[in-house]
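Report on the following structure.
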Amino acid sequence: MSNQHVANATGAQASEDTNVTSKGNNPVLSVVLFVVLFALFGAGLYVMSLVSMDQPSVGVFLGGLGMCLLALYCTFDLVPRFLTR
């Protein structure tokens, strides 16, 4: 084995040591956050479905839309910040 191969082998070992992934998030916390945020999103869709063309209510629709947007904001912005601390 030449010196070049030995140098490459030790360099590969050093780079493998630095390439370590995280241990991940707590599975219980992840499931709880998923259930809460999915329920909030689903409730927002349900509230928006209560609006009919016979009696249009802008406030009810905007309330449901706000619930959906809050669930999406929390899912894609707040939760990653909270879990990466």
Side-chain angles (χ1 to χ4, degrees):
M1 192 175 227
S2 70
N3 290 337
Q4 183 66 25
H5 292 297
V6 173
N8 287 342
T10 57
Q13 181 65 29
S15 67
E16 286 178 9
D17 293 339
T18 59
N19 189 15
V20 178
T21 58
S22 67
K23 295 179 182 178
N25 299 323
N26 184 359
V28 175
L29 179 63
S30 296
V31 169
V32 168
L33 285 172
F34 172 77
V35 168
V36 168
L37 293 172
F38 189 78
L40 181 63
F41 185 78
L45 292 178
Y46 176 73
V47 168
M48 284 192 290
S49 74
L50 295 176
V51 176
S52 67
M53 294 309 283
D54 294 335
Q55 296 177 342
S57 175
V58 176
V60 172
F61 181 80
L62 289 178
L65 183 64
M67 291 169 67
C68 287
L69 290 176
L70 177 65
L72 290 173
Y73 175 73
C74 290
T75 300
F76 293 112
D77 192 53
L78 295 181
V79 170
R81 278 196 240 170
F82 174 67
L83 291 179
T84 56
R85 276 195 224 170

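The structure displayed is predicted, hence computed values, not measured ones. Note that the numbering runs from 1 along the sequence shown for the chain.
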Listing request: all ring-ring contact (aromatic ring centres under 6.0 Å, His included) pairs with a residue in residues 29-48, at least two apart in sequence or in separate chains.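 Passing the test, one end in residues 29-48: F34-F38.
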If we check side-chain contact (heavy atoms from CB on, under 4.5 Å) with V51, which of these qualifies: V60, V58, L62?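 Checked V60, V58, L62 against V51; only one passes side-chain contact (heavy atoms from CB on, under 4.5 Å): V60.
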Treating Ile, Leu, Val, Met, Phe, Trp and Tyr as nodes and any side-chain heavy-atom pair under 4.5 angstrom as an edge, say whether [X] and [Y] lie in one connected cluster.
| X | Y | result |
| --- | --- | --- |
| L72 | V47 | yes |
| L83 | V32 | no |
| M48 | L37 | no |
| F76 | L40 | yes |
| L33 | L78 | no |

[X] to [Y] - nearest heavy-atom pair and separation:
| X | Y | result |
| --- | --- | --- |
| N25 | S30 | CB-OG, 3.7 Å |
| P80 | C74 | CD-O, 4.4 Å |
| A43 | M67 | CB-CE, 3.5 Å |

Does any pair with a residue in residues 66-80 pass salt bridge (charged side-chain N to carboxylate O under 4.0 Å, His left out), and if so which ones, sequence neighbours excluded?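 Matches after skipping sequence neighbours: D77-R81.
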Atom pair CG/CG of L65 and L45 - distance to nearest 0.5 Å: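 Interatomic distance, L65 CG to L45 CG, rounded to 0.5 Å: 10.0 Å.
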